[in-house]
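Here the structure is laid out as structure tokens; the discussion comes afterwards.
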Number of protein chains: 2
Amino acid sequence: MRLPVERAMEVCPVEVAVSVLGGTWKLTLVKHLLAGTRRFNELGRLVPLANTKTLTRQLRELEEDGIVRRTSYPEVPPRVEYSLTESGRSLEPIVKAMDSWGAEFAERYKG
Amino acid sequence: MRLPVERAMEVCPVEVAVSVLGGTWKLTLVKHLLAGTRRFNELGRLVPLANTKTLTRQLRELEEDGIVRRTSYPEVPPRVEYSLTESGRSLEPIVKAMDSWGAEFAERYKG
DNA sequence: CGGAATCCAATTCGATACTG
DNA sequence: CAGTATCGAATTGGATTCCG
């Protein structure tokens, strides 16, 4: 999280959202989790440019911010499942809006 | 812009939007510009934590991405006005969604 | 007024290798 | 399978000063 939430609040609620969601891959992860629970390596395959270190970090931060729930099963081989909290599901309108805006931007960008 | 648009596109349109809009202050600047044209130092006062270097950089990047229009008037003292392009105005739903989401997050964060 | 220049601190991100 | 450890490169943000 680049800007501490306290400081972002001094300026604008928009900036709070950016500081929580702005990390690379974070909203893409949320998008995939909106479709259902996923395991660690599943998410890794869905976001192929993220390496394990980065993936772990983003998921941990999302967890700390109450957006993602992490459930670990004491099995061999290990199984860890990620899902959205209620707060995470409340991001659906933002994710959908950014998905379509990003698609349009990319279209203009190519042309 | 952290991740090049071309690479973001390989993964997800959401990531394109994040790479274009994710910089600190960028969406806050867009929010203020949604209310009308603003001059450089006006924006500086509206985003008091950003110094001139950062402010200039973010505005330039938004300009390069076709979101902000910069108009310079050959006067003394100089006057430079910033406004949104059509593409910039199309961000209104995202900005509003993030504004209310950020406000709720900050509320829970305090409590 | 609207920046540009300089210098520096702090993140952040990635590649790679290894592990319980 | 689901990470952790280490290292290093790169980006980024900030403070300050100066300028036409």
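Letters A, B, ... are given to chains in the order of the sequence lines, protein chains preceding strands, and every chain is numbered from 1.
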Can you tell me if [X] touches the phosphate of [N], counting only side-chain N or O atoms and a distance under 4.0 Å to OP1 or OP2?
X       : N     : result
A:Arg79 : D:dA2 : no
A:Tyr82 : D:dC1 : no
A:Arg39 : D:dC1 : no
A:Arg70 : D:dA2 : no

Notebook entry, point to check: Passes side chain to side chain contact (heavy atoms under 4.5 Å, CB included), A:Ser72 versus A:Phe40? Steps please.
Noted result: CA-CA 10 Å; A:Ser72 168; A:Phe40 183 80; over 6 Å; no
Margin query: Can you confirm whether more than 12 heavy atoms, excluding those of A:Arg70, are under 6.0 Å from its CZ atom?
Written below: yes
Check: A:Thr56 or A:Pro77: which one's nearest nucleotide on DNA chain D is closer to the 5' end?
Finding: A:Pro77
Given atom [atom1] of [X] and atom [atom2] of [N], what is their separation to the nearest angstrom?
X       : N      : atom1 : atom2 : result
B:Phe40 : C:dG2  : CZ    : P     : 8 Å
A:Glu75 : D:dG3  : CD    : P     : 13 Å
B:Leu55 : D:dA15 : CG    : P     : 13 Å
A:Lys26 : C:dT12 : NZ    : C1'   : 11 Å
A:Leu59 : D:dG3  : CG    : P     : 8 Å
B:Tyr73 : D:dG20 : OH    : C1'   : 20 Å
B:Leu43 : C:dC1  : CG    : P     : 14 Å

Next item on the list: Step by step, work out the side chain to side chain contact (heavy atoms under 4.5 Å, CB included) result for B:Trp25 and A:Leu3.
Entry: CA-CA 10 Å; B:Trp25 317 127; A:Leu3 191 70; 3.8 Å; yes
What donor-acceptor contacts under 3.5 angstrom involve side-chain atoms of residues 47-56 of chain A, with partners at least two apart or in another chain?
residue, atom, partner, partner atom, Å
A:Asn51, OD1, A:Lys53, N, 3.3
A:Asn51, OD1, A:Thr54, N, 2.8
A:Asn51, OD1, A:Thr54, OG1, 2.8
A:Thr56, OG1, A:Thr52, O, 2.8

Item checked: Lys/Arg-Asp/Glu bridge criterion (N-O < 4.0 Å) met for B:Glu64, B:Arg60 -> no
Which atoms of nucleotides 13-17 of chain C (N or O only) lie under 3.5 Å from a protein N or O atom, and what are those distances?
residue, atom, partner, partner atom, Å
C:dC13, OP1, A:Thr24, OG1, 3.1
C:dC13, OP1, B:Arg2, NH2, 2.9
C:dC13, OP2, A:Gln58, NE2, 3.4
C:dG14, OP2, A:Thr54, OG1, 2.9
C:dG14, O6, A:Lys53, NZ, 2.2
C:dA15, N7, A:Asn51, ND2, 3.4

Margin query: So B:Leu21 and B:Asp65, do their side chains get closer than 4.5 Å, heavy atoms only?
Written below: no
Check: Start at the 5' end of DNA chain C and walk down; is the nucleotide closest to B:Arg45 or to B:Arg60 reached first?
Finding: B:Arg45
Next item on the list: Consider only side-chain N and O atoms of B:Glu81 and B:Thr37, and report whether a donor and an acceptor are under 3.5 Å apart.
Entry: no
